[in-house]
Amino acid sequence: MTVQTLSKTKHRIVQGAITAFNQSSFAEVTTAALAARLGMSEGNLWYHYPTKADLLAAVQQAFLADWTQVSEDITASPDPIADYIAYMHRWQALFDSYLFMFRDRSEYGAHSPELAANLSRIYTAVSVRLRTLYDALIAANLLTIPAEAVDDLITNVMIISRFTLEFRQEAQPGLATPPAAGLAQHLSLLKPYLDPGSFRRVQDGLQSN
């Protein structure tokens, strides 16, 4: 996880908060518990982040920085399946690092203003990247899907990948859901269209992450 332009103490607080939120949940981690975990007074924690919303905003700023890294430096190779697996691995790293953001939305409510302002850009960039990947698979005769259905596939992949963890948390409270479930669920959308051998490669590639 990348936390840039923060003081050493703020960096430690943000990293500690992410770990604590992921291990428990956003609602369950109190500022008192987080301060104790970090070995500081609650007053010192408040000095750096006066409210839990301020701390969440700092965490989501870190998420934006890491998402930028995920979206940069992506080049195509002669193997479109390998490219697809690599891109999904990048997203899995974000699910792993920021599990609570994809799981606990009902607990923390609205996104920070900065993240909210960037969501459209994120969704557009992901959509464009998925279009490039699926077009490459279609050109290689590995993905057989009607041209008019590709946009729906992209939308559904994004929705299922983004909201599976949140849905499972609300549908089965208290049942631990691995971060990988968020992306693994989208494979059900690809299976009818993806060449069987390629599907197994993607499936095995995600499981080996």
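Hydrogens, waters and symmetry mates play no part in the numbers below; they use all other heavy atoms, side chains included.
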| Counting only N and O atoms by type, is there a donor-acceptor contact under 3.5 Å from the side chain of R162 to the main-chain atoms of V157? | no
| said: Given the ring of F26, does K52 sit roughly above its face, with NZ or CZ under 6.0 Å from the centre of the six-membered ring and within 45° of the axis? | reply: yes
| request: Give a yes or no answer on whether the side chain of N22 reaches the backbone of S97 with a donor-acceptor pair at less than 3.5 Å. | output: yes
| message | Using every non-hydrogen atom in the two residues, find where A116 and H111 come nearest and quote the distance to one decimal. | response | N-CB, 4.2 Å
| field | Close side-chain approach of L55 and F21, heavy atoms under 4.5 Å | value | yes
| remark: Taking every heavy atom of A181 against every heavy atom of L165, the minimum-distance pair comes out as CB-CD2, 4.2 Å
| field | Value rounded to 0.5 Å, distance of OG1 in T132 from CZ in R129 | value | 6.0 Å
| remark: When every non-hydrogen atom of A140 is compared with those of P80, the smallest separation belongs to CB-CG, 4.1 Å
| query | Hey, which of I145, L142, I154 is the one that makes side-chain contact (heavy atoms from CB on, under 4.5 Å) with Y134? | reply | I154
| Taking all atoms of both residues into account, what is the closest heavy-atom pair of G16 and R37, and its distance? | O-NE, 4.1 Å
| request: Can you see which heavy atom on A110 is nearest to which on L56, and at what distance? | output: O-CD2, 4.2 Å
| said: Using only atom types and a distance under 3.5 Å, with no angle test, would you say the side chain of N44 pairs donor to acceptor with the backbone of M40? | reply: no
| message | Checking the side chain of Q60 only, and the main-chain atoms of S112 only, is there a donor and an acceptor separated by less than 3.5 Å? | response | yes
| query | Does some side-chain heavy atom of M101 sit less than 4.5 Å from a side-chain heavy atom of L94? | reply | no
| field | Pair D195-R200, salt bridge (charged side-chain N to carboxylate O under 4.0 Å, His left out): steps then yes or no | value | CA-CA 9 Å; D195 166 78; R200 285 192 294 273; over 6 Å; no
| field | Side-chain (T124) to main-chain (R121) donor-acceptor, under 3.5 angstrom | value | no
| Does V202 offer a backbone N or O that forms a donor-acceptor pair with the side chain of Y84 under 3.5 Å? | no
| query | Between L206 and F163, is there a shared hydrophobic cluster once you connect ILVMFWY residues whose side-chain heavy atoms come closer than 4.5 Å? | reply | no
| Can you tell me how far CG of D151 sits from CZ of R131, rounded to the nearest 0.5 angstrom? | 4.5 Å
| Mind checking whether L99 and Q23 have side chains closer than 4.5 Å, heavy atoms only? | no
| query | Between S161 and H186, which heavy-atom pair has the shortest distance, and what is it? | reply | OG-CB, 3.6 Å
| message | Please check this pair: side chain of D66 against backbone of F63, looking for a donor-acceptor N/O pair closer than 3.5 Å. | response | no
| query | Just by distance, do the side chain of D104 and the backbone of S25 share a donor-acceptor pair under 3.5 Å? | reply | no
| query | Taking it one step at a time, do R103 and E107 satisfy salt bridge (charged side-chain N to carboxylate O under 4.0 Å, His left out)? | reply | CA-CA 9 Å; R103 182 194 63 201; E107 296 181 3; over 6 Å; no
| task | Give a yes or no on whether the backbone of Q172 and the side-chain of R168 come within a donor-acceptor separation of less than 3.5 Å. | result | no
| Would a 4.5 Å heavy-atom cut-off, applied to side chains only, mark Y49 and V14 as touching? | yes
| request: Please determine, by modelled atom types, if E114 and N118 share a side-chain donor-acceptor pair under 3.5 angstrom. | output: no
| field | Heavy-atom side-chain proximity of Y193 to L137 below 4.5 angstrom | value | no
| query | Is L130 close to L153 at the side-chain level, that is, under 4.5 Å between some pair of heavy atoms? | reply | no
| Any side-chain heavy-atom pair from Y108 and V59 closer than 4.5 angstrom? | no
